[in-house]
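Everything on this sheet refers to the single structure shown next.
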Number of protein chains: 2
Amino acid sequence: MTEKQELILSVALNLFAKQGFAATPTSQIAKEAQVSEGLIFRHFGSKEGLLQAILEEGQARVQAMVNSIAEETDPRRIITRVIDLPVQLIEQEREFWGLQFALKYSQKILPSKQQDTSVIALTKALYQAFDTLGYDYPDKETEFLMIFLEGLSSAMLTQDIQVNSLVRFVKVKYDLVQAQSSKKTQLQKV
Amino acid sequence: MTEKQELILSVALNLFAKQGFAATPTSQIAKEAQVSEGLIFRHFGSKEGLLQAILEEGQARVQAMVNSIAEETDPRRIITRVIDLPVQLIEQEREFWGLQFALKYSQKILPSKQQDTSVIALTKALYQAFDTLGYDYPDKETEFLMIFLEGLSSAMLTQDIQVNSLVRFVKVKYDLVQAQSSKKTQLQKV
DNA sequence: AAGCTGTTTGTGAGTAATCACTTACTCTTT
DNA sequence: AAAGAGTAAGTGATTACTCACAAACAGCTT
């Protein structure tokens, strides 16, 4: 991977996230990366090939974090880390996730099965955690939390929300941390 | 509004939702609507004007439903109807909402202040409902539910989930309906 | 009814600009 | 000297949009 190759990837990610894939011409990528347009096609074959390279690079980093969560044994730690995961990922790579979410709604782009397996692994870990903790409907509880986290990710990308206080609130609900005041807000388990 | 004008709007919505705004040429819209390409520009001025017309048309329908919820007085009915709203909207106009979500992540398109005011009105109604019911942190509770509903909408558009059972599960959590079995899963209020 | 007139609706053939991509070539590294 | 990295100048196809003109329709006067 040469310097210019990495530069192209980074500039392309930046522009795809900002303007959208279809609305970003390769000529603009070349110009801002200060390379010839032909180099993009030499390295990545096509504009779609460039997109795929960007997506695969980002996906590898996710996989590592997901695996680490799945190895966890303490159910409360699992739930905590699943909640923290999207927040960390988006704070680290906001542009990448903005692009991911934008692509999600255009049925043209293939979702690269790796992403599915990540989500499935996370779902399984969460289910076992809720089950171990004695929740009555661990499957629904899992689905509920996963969908909330999808909304949280979306909100982080499109609005500016106070993530920390909201995450704390959620953790209190799931009895993962103590409430700050004497009042209680947690979910009732049984 | 002539027949062909409505035809253009409907075909354009269909294609924008399926392929994305930038990836859909006006020539394709004209072809599938069986009108001359010039007619699109006669009626809507530009491709962006066409998009705006589509968005404004859909937004009017939302406003009516939101207003009706805000007039509600019973807090439990408010929460129930806020939860049901996105499900109904997406079931009625899946393509329109697919387009809305896709546009959300491309910073280019203006979000048409009307959408903001709808969300604000909904947020206010929800806050008052939670407050009336004696929830400890009605603001956090509101934010939490709104973000979950954003995730629910997203999930309805991109996966196929069993919405009904999930919505029921949520309503049990908020004590809006009875649990089917003797087990309890609802949120604890105080 | 019939004719006249102005406005709106609609068409088809343009247009310049831009698109993704290619090719012939040079430079750099080993 | 062989191979990959990099470039500049193209390529035809496609893009959003325009324009000159025709058809349809409305109202108004005979």
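Numbered from 1 within each chain, the chains take letters A, B, ... in sequence-line order.
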Among dG12(C), dA20(C), dT7(D), the one nearest Ser36(B) by side-chain distance
dG12(C)

Nearest-nucleotide pick for Leu39(A), side chain only, options being dG10(C), dT7(D), dC19(C)
dT7(D)

Between [atom2] on [N] and [atom1] on [X], what's the gap in Å once rounded to a whole number?
X	N	atom1	atom2	result
Glu37(A)	dA5(D)	CD	P	19 Å
Gln19(A)	dC19(C)	CD	C1'	15 Å
Phe16(A)	dA20(C)	CZ	C1'	12 Å
Gln28(A)	dC21(C)	CD	C1'	18 Å

Any donor-acceptor N or O pair under 3.5 Å, side chains Arg42(B), Ser36(B)
no

When you measure from the side chain of Lys47(A) to the backbone of Phe21(A), do you find a donor-acceptor pair of N or O atoms at a distance under 3.5 Å?
yes

Just to be sure I understand the geometry, which residues of residues 40-47 of chain B put a non-hydrogen atom under 4.0 Å away from DNA chain D?
Phe41(B), Ser46(B), Lys47(B)

Note: contacts of residues 2-15 of chain A with DNA chain D (heavy atom, under 4.0 Å) are Thr2(A), Lys4(A)

I want to check one thing: is the phosphate of dT14(D), taken as OP1 and OP2, less than 4.0 Å away from some side-chain N or O of Ser27(B)?
no

Any chance the rings of Phe130(B) and Tyr174(B) have centres within less than 6.0 Å?
yes

Using residues 161-171 of chain B as the side-chain source, report each donor-acceptor pair under 3.5 Å to any protein atom, sequence neighbours left out, with the distance given to one decimal.
unit_1    : atom_1 : unit_2    : atom_2 : d
Ser165(B) : OG     : Lys140(A) : NZ     : 2.7
Ser165(B) : OG     : Gln162(B) : O      : 3.3
Lys171(B) : NZ     : Asp84(B)  : OD1    : 2.9
Lys171(B) : NZ     : Asp84(B)  : OD2    : 3.2

